[in-house]
Amino acid sequence: MALCNLDDVKAFLGLEAPTSDDLLNTLINNASAFIENYTNRVFAVTNYVEIRNGTGSAKMPVQYAPITQLNSIKINDVDYTSYVKNTDNLIWFTNGNIFPSGLMNVELNYMAGYDAIPSDVSQVCVDLVAYKFKQKDRIGINSKTLGGEIVTFELRDIRVDIQNKLASYVRVV
């Protein structure tokens, strides 16, 4: 799923003509994949089924967040969905039950992700696309002399400001 759209990228770059649309769409897809790989998360709402070991606790964190819908919670193939609640990343029992200790005895079936891509993530995607688009004419060039002045270019794949903006979305496995 694209984390930003072509119109936003073109507006950011000040482009009107459709001559670069194919390249920009490719860069949007690449930037979106890069962001999802970097953060180790899928931003679109997705269904997840986790088979987990019971912990002996009334609470169980999920691997993917934010939870948008609980589909079912089963322990040893018995449905306990009506007895649990959730926050963005945690499922817990409301009736005093626990997730009993055991090997692979808990099945969590839920939806997680964002109905709308967070605006800061979308802007990072636009920034990455614009950066790569502007960089295309100077691949492998780290400096250039222009009018007697030396101009240097940053040669990294991800800038520090982008790392900082994505830091709160990085999913720790």
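Small disclaimer: the values here were computed from a predicted structure and weren't measured. All residue numbers in this chain count up from 1 along the given sequence.
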(Q) Looking at every heavy atom in both Ser72 and Asp79, which two are closest together, and how far apart are they? (A) CB-OD2, 4.4 Å
Q.
Does Gln163 form a side chain to side chain donor-acceptor pair (under 3.5 Å) with Asp161? I'd like the steps, not just the answer.
A. CA-CA 5 Å; Gln163 288 175 325; Asp161 64 316; over 6 Å; no
Q: Write down the atom of Gln63, the atom of Arg52, and the distance for their closest heavy-atom approach.
A: N-NH1, 4.4 Å
Q: Answer yes or no: is there a donor N or O on one side and an acceptor on the other, between the side chain of Glu36 and the main chain of Phe43, under 3.5 Å?
A: yes
Q: Compare every heavy atom of Thr68 with every heavy atom of Gly113, then report the nearest pair and how far apart it is.
A: O-CG2, 3.3 Å
Q: Test Tyr114 against Val45 for side-chain contact (heavy atoms from CB on, under 4.5 Å), laying out the working first.
A: CA-CA 5 Å; Tyr114 297 90; Val45 174; 5.7 Å; no
Q) Among Ile73, Asn71, Val84, whose side chain to side chain contact (heavy atoms under 4.5 Å, CB included) with Leu108 holds? A) Ile73
(Q) Using a 6.0 Å cut-off, check whether atom CG of Asp88 has over 12 heavy atoms from anything other than its own residue. (A) yes
Q.
Quick check: is Tyr110 connected to Val78 through a chain of hydrophobic side chains (ILVMFWY, heavy atoms under 4.5 Å apart)?
A. yes
Q: Assess Arg41 against Tyr169: is NZ or CZ under 6.0 Å from the centre of the six-membered ring, and within 45 degrees of the ring's axis?
A: no
Q) Which atoms form the tightest heavy-atom contact between Lys10 and Leu24, and what is the distance? A) CG-CD1, 3.7 Å
Q: Would you mind reporting whether Val106 and Thr55 have side-chain heavy atoms less than 4.5 Å apart?
A: no
Q) Of all heavy-atom pairs between Ala2 and Ile28, which one has the smallest distance, and what is that distance? A) CB-CG2, 3.8 Å
Q: Go through the steps for Met111 and Ile67 under the test side-chain contact (heavy atoms from CB on, under 4.5 Å), then give the verdict.
A: CA-CA 6 Å; Met111 304 287 285; Ile67 298 172; over 6 Å; no
Q: Walk me through it: do Asn53 and Asn105 pass the test side chain to side chain donor-acceptor pair (under 3.5 Å)?
A: CA-CA 6 Å; Asn53 294 337; Asn105 61 333; over 6 Å; no
**Q.** Distance-minimising heavy-atom pair for Asn97 and Tyr80
**A.** ND2-CE2, 3.5 Å
(Q) Ring centres under 6.0 Å, that's the criterion: do Phe99 and Phe93 meet it? (A) yes
Q | Side chain proximity check, Glu107 to Val49, heavy atoms < 4.5 angstrom | A | yes
Q. Between Arg159 and Tyr131, is any pair of side-chain heavy atoms under 4.5 Å apart?
A. yes
Q) Is there a side-chain contact (heavy atoms from CB on, under 4.5 Å) between Ser122 and Leu3 once you walk through the steps? A) CA-CA 5 Å; Ser122 185; Leu3 299 179; 5.8 Å; no
Q. Taking the six-membered ring for Trp, is the centroid-to-centroid distance between Tyr48 and Tyr64 below 6.0 Å?
A. yes
Q: Could you go through the side-chain contact (heavy atoms from CB on, under 4.5 Å) check for Ser32 and Met1 one step at a time?
A: CA-CA 7 Å; Ser32 297; Met1 171 184 203; over 6 Å; no
